[in-house]
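Data block below; observations after.
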Amino acid sequence: MKKLLQSALQRLLGFPRYLFVFSLFKIWTLRWDRREGDFHHFLAQLSPDARVLDIGANIGIMTALLAKRCPQGMVHAIEPIPDNYAALQRIVKYFKFTNVQLHRFALGAEKGELKMVMPEVQNVRMQGLSHAVHETITEYNEGQFYTVPQHRLDDLGAVTEAVSAIKIDVENFEYFVFAGGKEMLKRDRPLVYCELWANENRDKCFHLLRDELGYAIKVLQDGSLTDFDPKIHPQQNFFFV
């Protein structure tokens with residue numbers, strides 16, 4: 001039923017308008033979504049003047065909440081998919097944010113181009129599952145394809161001040177983003193919040209951030225952060241502190 005409704009709305013409104021309306025709806029209702037408790041905890045850690053990277057900004061839902069939380073700071077919203085980026089632009093314009101800088105490219109371990117896909121499931125374009133086409137990512141690989149510029153986090157000249165925090169959601173491509181940003185992570189030591197699937201790429205993220213860079217791996221439990229234990233914590237959302 002949910003997919004039928006989404007498909008109908010995408011056809012009725014047109015895809016660009018659907019993304020904008022859906023983003024507005026989620027921005028206004030996310031505070032009551034119990035599934036987003038981890039993100040709200042992350043949000044609460046940010047000071048009003050924080051410099052935040054929103055990597056995988058998608059259609060601007062979390063970008064908007066980050067911008068509202070950090071009115072004296074700056075949010076760098078990074079989103080490579082053209083349809084998502086257009087919705088992100090509309091959100092920034094709608095709320096008249098002056099503390100958001102938009103970047104239309106992907107991040108990875110090297111500079112170049114990256115093939116990406118926006119999956120389609122039961123005639124529904126799943127913008128939230130857009131991801132890199134890569135041999136380690138084996139799910140949701142049918143849909144609309146794009147070729148986008150790819151940069152390294154360490155090479156971003158637009159990000160000149162120390163980064164306070166990173167929210168990253170790039171659908172199983174996180175390790176490659178971190179690999180291209182090791183110098184920035186060493187230099188600024190930002191708080192990192194991300195979703196990681198239980199697979200080899202997650203193990204690589206743990207090794208890089210914990211073993212190479214000295215981060216502690218935390219999860220939210222009963223309102224506070226605790227050390228991650230894979231035997232008792234089934235979480236996919238992680239805080240690297």
Side-chain angles (χ1 to χ4, degrees), residues 2-33 35-36 39-40 42-43 52-71 74-108 114-133 140-151 156 158 166-174 177 193-195:
K2 182 179 178 181
K3 288 289 187 293
L4 287 174
L5 178 60
Q6 287 177 306
S7 178
L9 286 173
Q10 289 185 4
R11 292 196 307 271
L12 178 66
L13 298 175
F15 194 57
R17 185 178 295 173
Y18 166 83
L19 291 182
F20 176 63
V21 171
F22 179 67
S23 182
L24 285 177
F25 171 77
K26 293 297 290 184
I27 291 166
W28 288 330
T29 61
L30 203 69
R31 72 183 70 181
W32 298 292
D33 191 341
R35 297 169 298 179
E36 296 296 343
F39 173 70
H40 288 298
F42 170 73
L43 206 61
V52 186
L53 302 185
D54 185 358
I55 303 174
N58 204 263
I59 58 175
I61 298 167
M62 293 183 175
T63 303
L65 297 176
L66 290 167
K68 290 181 179 183
R69 175 68 182 178
C70 307
M74 180 60 65
V75 179
H76 291 274
I78 302 168
E79 174 55 46
I81 298 290
D83 294 299
N84 294 345
Y85 186 86
L88 174 63
Q89 282 183 307
R90 290 186 69 179
I91 289 297
V92 171
K93 183 178 181 180
Y94 178 85
F95 286 103
K96 299 179 181 178
F97 289 131
T98 59
N99 61 332
V100 176
Q101 290 189 18
L102 303 181
H103 307 274
R104 185 176 161 181
F105 49 74
L107 290 173
L114 182 67
K115 188 175 181 180
M116 300 192 69
V117 59
M118 180 186 291
E120 186 170 313
V121 179
Q122 299 177 28
N123 296 317
V124 176
R125 297 178 67 183
M126 308 292 291
Q127 95 288 335
L129 295 177
S130 302
H131 62 80
V133 176
Y140 298 109
N141 285 322
E142 298 294 331
Q144 178 73 43
F145 290 90
Y146 309 84
T147 299
V148 302
Q150 177 177 265
H151 297 281
L156 296 189
I166 296 173
K167 168 253 151 187
I168 176 170
D169 185 0
V170 292
E171 302 298 322
N172 209 28
F173 203 64
E174 285 81 3
V177 177
Y193 169 68
C194 66
E195 178 186 53

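Just so it is clear, the values below take in all heavy atoms, side chains as well, and ignore hydrogens, waters and symmetry mates.
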(request) List the steps, then state whether side-chain contact (heavy atoms from CB on, under 4.5 Å) holds for Met118 with Phe145. (result) CA-CA 6 Å; Met118 180 186 291; Phe145 290 90; over 6 Å; no
(request) Give the intermediate values and the outcome of side-chain contact (heavy atoms from CB on, under 4.5 Å) for residues Phe39 and Leu30. (result) CA-CA 10 Å; Phe39 173 70; Leu30 203 69; 4.2 Å; yes
(request) Verify side-chain contact (heavy atoms from CB on, under 4.5 Å) between Tyr193 and Ile168, making sure each step is shown before the conclusion. (result) CA-CA 6 Å; Tyr193 169 68; Ile168 176 170; over 6 Å; no
(message) Before you tell me yes or no, could you show the steps for Ile59 and Leu88 under side-chain contact (heavy atoms from CB on, under 4.5 Å), namely the whole-Å CA-CA distance, both residues' side-chain angles and the distance that decides it to 0.1 Å?
(response) CA-CA 5 Å; Ile59 58 175; Leu88 174 63; 5.8 Å; no
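Heavy atoms only, all atoms of each residue included: Met62 and Asp54 are closest at C-OD2, 4.0 Å. When all heavy atoms of Val177 and Leu107 are compared, the closest pair comes out as CG2-O, 3.4 Å. The minimum heavy-atom distance between Pro80 and Ala106, with the atom names listed, is CB-N, 3.5 Å. Of all non-hydrogen atoms in Asn99 and Pro71, the two that sit nearest each other are ND2-CA, 3.6 Å. Closest of all the heavy-atom pairs between Val52 and Cys70 is CG2-SG, 4.1 Å. The two atoms that bring Glu142 and Val117 nearest to each other are C-CG2, 4.2 Å, heavy atoms only.
With sequence neighbours excluded, no residue forms a ring-ring contact (aromatic ring centres under 6.0 Å, His included) with Phe25. Every residue two or more places apart in sequence or in another chain that forms a salt bridge (charged side-chain N to carboxylate O under 4.0 Å, His left out) with Arg35 is listed here: Asp33. Partners of His151 by ring-ring contact (aromatic ring centres under 6.0 Å, His included), not counting sequence neighbours, listed by chain and number: Phe105. Here Ser7 pairs with Arg11 under the side-chain hydrogen bond (donor to acceptor under 3.5 Å, both in side chains) rule; sequence neighbours left out.
The list of side-chain hydrogen bond (donor to acceptor under 3.5 Å, both in side chains) pairs with a residue in residues 114-130, not counting sequence neighbours, reads Asp83-Arg125, Arg125-Tyr146.
Atom CE of Met116 and atom CZ of Phe173 lie 8.0 Å apart (nearest 0.5 Å). Leu66 CG to His76 NE2: the interatomic distance, rounded to the nearest 0.5 Å, is 12.5 Å. The distance from atom CG of Leu12 to atom CZ of Arg17, rounded to the nearest 0.5 Å, is 9.0 Å. Here Ile78 contributes atom CD1 and Leu156 contributes atom CG; the two are 5.5 Å apart, rounded to the nearest 0.5 Å. Rounding to the nearest 0.5 Å places CZ of Arg31 at 11.0 Å from CG of Leu43. In this structure, CD in Gln89 is found 12.0 Å from CZ in Phe20, a value given to the nearest 0.5 Å.
Annotation: side chain of Leu65 is not in contact with side chain of Arg69 (no heavy-atom distance under 4.5 Å). Looking at Glu79 and Asn58, their side chains come closer than 4.5 Å, going by heavy atoms from C-beta outward.
Lys167 places a side-chain N or O within donor-acceptor distance of the main-chain N or O of Gly56, the cut-off being under 3.5 Å.
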Anything under 3.5 Å between a donor and an acceptor, one on a side chain of residues 90-98, the other on a protein residue two or more places apart or in another chain? List them.
none

